[in-house]
Amino acid sequence: MTEKCHHLTYREAGDGMAFDEARAFCTVTGSFVQPMRADVCNARYGLDPETDCEFYVEAESSPDGSETGDRDR
Amino acid sequence: MTYEDYRDGKPVVITAALTGGVHGKEAHPDLPEAPGEIATAAAACEDAGASVLHLHARRDNGERAFSTERFQAVADAVRDATDEAVLQHSTGGTGAPDALRHEPLRTDPAPEMASLDMGPLNRYERLTSENTRGLVASLHAEMRERSIKPELEVFNDGHFNESLAMLEELDDPPYLNFLFGGGTTSPPHPRTLLNRVEALPEGVEFNVIGFGPHQLPLTTQSILLGGHVRVGLEDNRYYERGELATNEQLVARAARIAEELGRPVATPEETRELLGLRGR
């Protein structure tokens with residue numbers, strides 16, 4: 001994968017928080033993403049969610065591809 | 001730096017790490033990210049006793065930024081908001097290409113200080129910040145060229161070895177920053193810090209970071225051992241268990257402890273003299 005993660009969305013609110021500017025939100029963990037991790041989600045600098053993100057790997061390898069939600073980041 | 005420095009009442013340099021490059025407002029709603037927010041926090045921390053301001057830059061949405069342009073915006077805002085404090089730019093950047101890691105050094109004027117990560121460290125489950133010897137050397141060369149004092153970031157004993165091997169290349173006094181916490185940082189225990197300080201060559205100044213709950217005890221120990229301290233929301237979000245802190249509160253507490261223990265808090269002018277800085 002060289003494109004941004006398909007589990008990434010940008011939201012102004014969620015997980016009990018609200019922001020003026022839309023921020024990176026992971027639909028696997030059900031939470032906003034730390035700035036350092038957002039570079040992986042966006043596949044910046046050659047980073048690749050498929051190999052560099054444990055949440056992506058876990059979600060994609062689960063039998064039904066289900067999202068785990070509410071995971072500690 | 002020794003216990004004798006403590007007994008002699010040597011001033012303590014307090015560095016405020018205001019923002020960092022790992023977490024953001026998702027972890028602490030008041031963590032300063034925009035240049036104006038960082039400048040406001042910087043001014044409050046200078047008033048509370050910080051003489052060095054450790055700076056990172058962010059995008060508008062809080063994500064990491066490494067460009068000279070973004071660092072310039074932060075540095076300009078902080079210079080406008082503060083009186084004399086020393087600006088220290090981070091050159092850290094897990095996953096970022098080497099070329100980008102140089103950009104924080106290229107503001108006008110250059111920062112007086114910059115961080116220099118001394119080797120690899122792990123992040124999360126699948127990331128490593130490589131910090132090759134080649135990158136360390138090239139960052140250090142540019143710092144020398146631009147009269148920027150490096151603060152060597154010693155995350156673990158391997159980095160300590162790397163730092164010791166580099167001492168002769170450094171202007172006096174070498175300034176090493178010891179980091180304590182989990183993962184590839186040093187085990188957070190007073191004994192670890194004591195051993196590290198005992199192994200320091202004469203004439204080296206040291207600073208201490210303790211991540212999370214280790215910030216208070218290990219920075220206090222550093223004061224007793226003649227060292228300096230770094231506090232702030234980059235390293236620790238809490239004032240005490242369950243109570244979120246502000247950068248200003250963490251600096252004020254460090255200053256209060258230093259004064260109570262008999263070491264005055266270094267002014268920016270004293271910091272420049274102690275660390276051999278070129279001036280703002």
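What you see is a predicted model, and the numbers here were worked out from it, not measured in a lab. Proteins get letters first, then strands, A, B, ... in listed order; numbering begins at 1 in each.
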What part of A:D52 gets closer than 4.5 Å to chain B, counting heavy atoms only: side chain, backbone, both or neither? both

How long is the straight-line distance from CG of B:D60 back to CZ of A:R23, given to the nearest 0.5 Å? 11.0 Å

Can you tell me how far CZ of B:F66 sits from OH of A:Y45, rounded to the nearest 0.5 angstrom? 5.0 Å

Rounding to 0.5 Å, atoms CE (A:M36) and OH (B:Y124) come to a distance of 5.5 Å

Between A:R44 and B:E63, does any NZ, NE, NH1 or NH2 come within less than 4.0 Å of an OD or OE carboxylate oxygen? yes

Over 12 non-hydrogen atoms of neighbours within 6.0 angstrom of CD in A:E54: yes

Once you round to the nearest 0.5 Å, how far does CZ of B:R59 lie from CD of A:E21? 11.5 Å

Side chains of A:P35 and B:E26: does their closest heavy-atom pair fall under 4.5 Å? yes

For the atom pair CG (B:L127) and CG (A:L47), what is the distance rounded to the nearest 0.5 Å? 6.0 Å

Distance (rounded to the nearest 0.5 Å) between B:R126 CZ and A:D48 CG: 10.5 Å

